Amino acid sequence: MHPKIQAVSAPKVLEQNFLEARCKLLDIAAILDRMSRGDSMDVVRKDARTARILEALKILQGDSPSKAEQIQKLFSLPYDTNWEIPAPRY
Amino acid sequence: MQYIDPHIHMISRVTDDYHRMAQCGCVAVSEPAFWAGFDRGSVEGFRDYFRHLVEVEPKRAAQFGIKHFSWLCINAKEAENVSLSRDVIAMIPEFLQRPNVLGIGEIGLNKNTRNEAIIFQEHMDLAAKTNELILIHTPHLEDKYKGTRMIVDMLKNDSRVKPHRVCVDHVEEHTVRLALDNGFWCGMTLYPTTKCTPARAVDIIEMVGTDRIMANSAGDWGKSDPLAVPELVLEMRRRGHPESAIRKVVFENPIEFFRQSSRWQEPFSLLNLSK
């Protein structure tokens, strides 16, 4: 059993974190702008990391209550269930 | 509030950090063996490192009323050198009876290679043979999910492993339940960019509760904050969480996990508290 603690109310989260969220969104926008100002933008467009950033932005627009977890998995390497587990000794 | 930092590499920190941590309420730290920033060339290099962990740091911490504990291993980054790793694992028992040693750690995976998995298993063999607690490093960034799944696979594949005697560290949103749902303890590392911020760590606590979960700074020679645990305390207070919940995460939970080691010693400030 994991004793739960009460999450903060949604309006209070908005009140406390609105400016922080605005700031972080501006940071992402500025990073994308910075890339488009530089040369070799065609290289960046083909980079899988760029596609992941854009995919993450789509996750933000969805209704999932676990967006952070979804974005973590988006940025994760795949796991192979059939990998060869070493045997314990002794 | 009194707190314990259950994962911090004080060998990389200045004495002023001990002072400031004590001022903020730190009563104990535990320091896992880790990568020095370069690959060491011989088993003698590790012997000197372990002497530092069991002899030098406890004295430095004691100047500020902080109890210092340590964990011993060869870290995953150096596990690619299987021959050296085996020599180090064979040498570890020389230090296991030192009074501040809590167990084997931080063992784990880094790039999730075959050699890392073999050396992880051989550390578990040592822990099983010597009945030691285990502290586990999970990989960084894109390697974390896959590596944590592989670590859990190895732990579950070994019938000698008692989940309540294992802490899976550096968990984040996508790995915390892998640890908790399989009966292990877990740790969240509060790093500015690459792991959990204090705010996200509190989000995780709100999602999974306060049982079997700890928070640490993992302060080291990289970008990190030795006062990160007090930042988590402030964030929980800012959200109005009860003092009892905060105390459980930053103080009572580390004690409950560490007390399973026969060499755990109560910090002076706890001597009058019932076990």
Side-chain angles (χ1 to χ4, degrees), chain A residues 1-25 27-28 30-31 47-56 59-60 62-90, chain B residues 111-112 114-122 124-126 128-129 139 141-150 153-161 172-177 180-181 196 199-200 202-213 236 238-242 244-246 248-249:
Chain A
M1 283 293 289
H2 303 154
K4 294 277 184 186
I5 59 174
Q6 187 70 40
V8 179
S9 73
K12 195 171 174 188
V13 173
L14 182 62
E15 186 63 35
Q16 287 184 342
N17 297 111
F18 174 73
L19 286 178
E20 187 184 351
R22 174 184 179 276
C23 175
K24 288 179 176 175
L25 286 166
D27 275 345
I28 294 168
I31 289 167
D47 192 311
R49 291 174 296 181
T50 308
R52 283 200 203 102
I53 290 170
L54 298 176
E55 194 63 33
I59 290 172
L60 293 184
D63 294 328
S64 167
S66 53
K67 295 183 180 66
E69 183 177 354
Q70 279 185 272
I71 289 176
Q72 288 274 24
K73 286 186 174 166
L74 175 70
F75 287 99
S76 296
L77 291 171
Y79 157 73
D80 174 10
T81 52
N82 295 317
W83 76 283
E84 190 185 344
I85 302 174
R89 299 183 305 174
Y90 306 124
Chain B
K111 301 308 282 182
N112 305 325
R114 177 78 187 145
N115 282 343
E116 289 171 12
I118 288 168
I119 294 304
F120 178 87
Q121 181 60 54
E122 293 187 14
M124 288 211 299
D125 293 336
L126 174 63
K129 195 174 169 185
L141 302 171
E142 71 269 20
D143 297 303
K144 184 179 292 294
Y145 180 73
K146 176 182 178 183
T148 306
R149 293 286 304 262
M150 291 169 69
D153 286 345
M154 286 188 278
L155 291 167
K156 292 176 74 175
N157 187 53
D158 190 331
S159 60
R160 303 165 301 181
V161 170
E172 295 181 47
E173 291 89 346
H174 55 324
T175 56
V176 64
R177 288 185 179 87
L180 291 176
D181 292 352
C196 268
R200 282 175 43 226
V202 179
D203 291 335
I204 290 171
I205 292 167
E206 289 174 355
M207 289 186 279
V208 303
T210 57
D211 263 1
R212 286 183 285 119
I213 193 163
M236 290 186 79
R238 193 170 74 91
R239 297 191 195 185
H241 294 318
S244 58
I246 303 172
K248 181 169 166 58
V249 173

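Residue numbers start from 1 in every chain, and the chains themselves are labelled A, B, ... in the order their sequence lines are given, proteins ahead of strands. Nothing here was measured: the structure is a model prediction, and the numbers come from that model.
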Discussion item. Checking side-chain polar atoms at under 3.5 Å, does A:Tyr79 have a donor or acceptor matched by the opposite partner on B:Asp153?
Written reply: yes
Discussion item. Shorter than 4.5 Å, heavy atoms on both sides: which option in B:Lys144, B:Glu122, B:Met124 has the most such pairs with chain A?
Written reply: B:Glu122
Practice prompt. Identify the two heavy atoms, one from A:Lys12 and one from B:Arg238, that lie closest to each other, and give their separation to 0.1 Å.
Written response: NZ-O, 4.5 Å
Discussion item. Under a 4.5 Å cutoff for heavy-atom pairs, which residue among B:Lys129, B:Lys146, B:Arg239, B:Met150 has the most contacts with chain A?
Written reply: B:Met150
Item to complete: Might you work through the side-chain contact (heavy atoms from CB on, under 4.5 Å) test for B:His174 and A:Ser76, ending with a clear yes or no?
Response: CA-CA 9 Å; B:His174 55 324; A:Ser76 296; 3.5 Å; yes
Discussion item. Apply side-chain contact (heavy atoms from CB on, under 4.5 Å) to residues A:Ile5 and B:Met236 and explain how you reach the verdict.
Written reply: CA-CA 10 Å; A:Ile5 59 174; B:Met236 290 186 79; 3.9 Å; yes
Discussion item. Between B:Arg149, B:Glu206, B:Met207, who has the most heavy-atom pairs with chain A when the cutoff is under 4.5 Å?
Written reply: B:Arg149
Item to complete: Please report the closest heavy-atom contact between B:Gln121 and A:Pro88, naming both atoms and the distance.
Response: NE2-CA, 3.3 Å
Worksheet item: So how far is it from A:Lys73 NZ to B:Tyr145 OH, rounded to the nearest 0.5 Å?
Response: 4.5 Å
Discussion item. Is B:Ala117 in contact with chain A via its backbone, its side chain, both, or neither, using a 4.5 Å heavy-atom distance?
Written reply: both
Discussion item. With rounding to the nearest 0.5 angstrom, report the CG to CG distance, B:Asn112 to A:Asp80.
Written reply: 11.5 Å
Practice prompt. Answer yes or no: is there an ion pair linking B:Glu173 with A:Lys67, defined by an N-O contact shorter than 4.0 Å?
Written response: no
Item to complete: Looking only at non-hydrogen atoms, find the nearest pair between B:Met154 and A:Pro86 and report the distance.
Response: SD-CD, 3.8 Å
Item to complete: Nearest 0.5 Å please: distance from the CZ atom of B:Arg114 over to the CH2 atom of A:Trp83.
Response: 7.5 Å
Worksheet item: For A:Glu20, is it the side chain, the backbone, both or neither that has a heavy atom under 4.5 Å from a heavy atom of chain B?
Response: neither
Item to complete: Name the member of A:Gln16, A:Glu69, A:Arg89 that forms the most heavy-atom pairs with chain B at distances under 4.5 Å.
Response: A:Arg89
